[in-house]
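Below you'll find the structure, written out as structure tokens, and then a few comments.
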Amino acid sequence: MRLITLLLFISLISACSTNHPNKDITGQVFPSISGQTLEEETMNIPGDFDDDFTLLLIGYKQNSQFDIDRWLIGLDMTETNVPTYEIPTIQGLFPRMFSTVIDNGMRAGIPKPLWKGVVTVYKDGDEVQTFTGNENPNNARVVLLTKDGSIVHFYDEGFSVDALNQLRNHLVTE
């Protein structure tokens, strides 16, 4: 058990080994990437999304989960109805080598009914981090996509009620 914990710790520390400056990606098209749900189904992002809007909560470090959880609670409490996916995005060869250990660690901490909404991205992790930037990696990247993959809302400064309301306004006005 200690070995698994150590490996998970090392891989998550190295997850943001290359620094990319943060940038506002609103108005751009999200890159075509692939990942695997915790149910072990391959998902192509944004190609597999059929809804008018899809929300991605992208995390680069294990500590991003705190921010993601606050977003999920806020969405639930405000009854915001939008398909939402947690996207743990881990760059580098070392984490890819231990992806099974990392994914099993996530499965142990996430209730099974939620596994289909958690899509881990390894192979394309650097592409996503380069696209959004990975400064302040504990903050989730909140990305609201249209059906064609266009980004209509982006936020990366941590959860706030004002940020949640801005996201909700996009869902109402678009």
Taking all non-hydrogen atoms of both residues, which atom of [X] and which atom of [Y] are closest, and how far apart?
{"X": "A140", "Y": "I68", "answer": "CB-CG1, 3.7 Å"}
{"X": "G149", "Y": "P46", "answer": "CA-CG, 3.9 Å"}
{"X": "D148", "Y": "V29", "answer": "O-CG1, 4.3 Å"}
{"X": "E135", "Y": "R141", "answer": "O-NH2, 2.5 Å"}
{"X": "T78", "Y": "R168", "answer": "O-NH1, 3.0 Å"}

- If you count the non-hydrogen atoms of other residues, nucleotides and ligands that lie under 6.0 Å from NZ in K23, is the total more than 12?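 Correct, the count exceeds 12.
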- Plane angle bin for H153 and H170 - parallel if under 30°, tilted between 30 and 60°, otherwise perpendicular: tilted
- Option among N136, V128, I87 that satisfies the side-chain contact (heavy atoms from CB on, under 4.5 Å) test with Y60: V128
Does some side-chain heavy atom of [Y] sit less than 4.5 Å from a side-chain heavy atom of [X]?
{"X": "F53", "Y": "T146", "value": "yes"}
{"X": "V82", "Y": "L144", "value": "yes"}
{"X": "L55", "Y": "L75", "value": "yes"}
{"X": "T26", "Y": "V152", "value": "no"}
{"X": "F131", "Y": "T89", "value": "no"}
{"X": "Y85", "Y": "I45", "value": "no"}
{"X": "F49", "Y": "F30", "value": "no"}
{"X": "D124", "Y": "S34", "value": "yes"}

- Name all pairs fulfilling the salt bridge (Lys or Arg N to Asp or Glu O under 4.0 Å) condition that reach into residues 65-78, sequence neighbours left out, sorted by first residue then second. D67-R70
- Apply side-chain hydrogen bond (donor to acceptor under 3.5 Å, both in side chains) to S160 and D162, showing your working. CA-CA 5 Å; S160 74; D162 184 53; 5.2 Å; no
- Task: Quick one: pull up NE2 in H20 and CG in N134 and give me the separation to the nearest 0.5 Å.
- Result: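 That separation rounds to 5.5 Å.
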- salt bridge (charged side-chain N to carboxylate O under 4.0 Å, His left out) involving D52 - partner list, sequence neighbours excluded: K147
- Ring center gap for F66 and F159 short of 6.0 angstrom: no
- Any donor-acceptor pair under 3.5 Å linking the side chain of S64 with the backbone of P137?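 The answer is yes, because a donor-acceptor pair under 3.5 Å joins these two groups.
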- Message: Would L167 and Y155 count as a side-chain contact (heavy atoms from CB on, under 4.5 Å) here? Give the steps.
- Response: CA-CA 9 Å; L167 170 67; Y155 190 78; over 6 Å; no
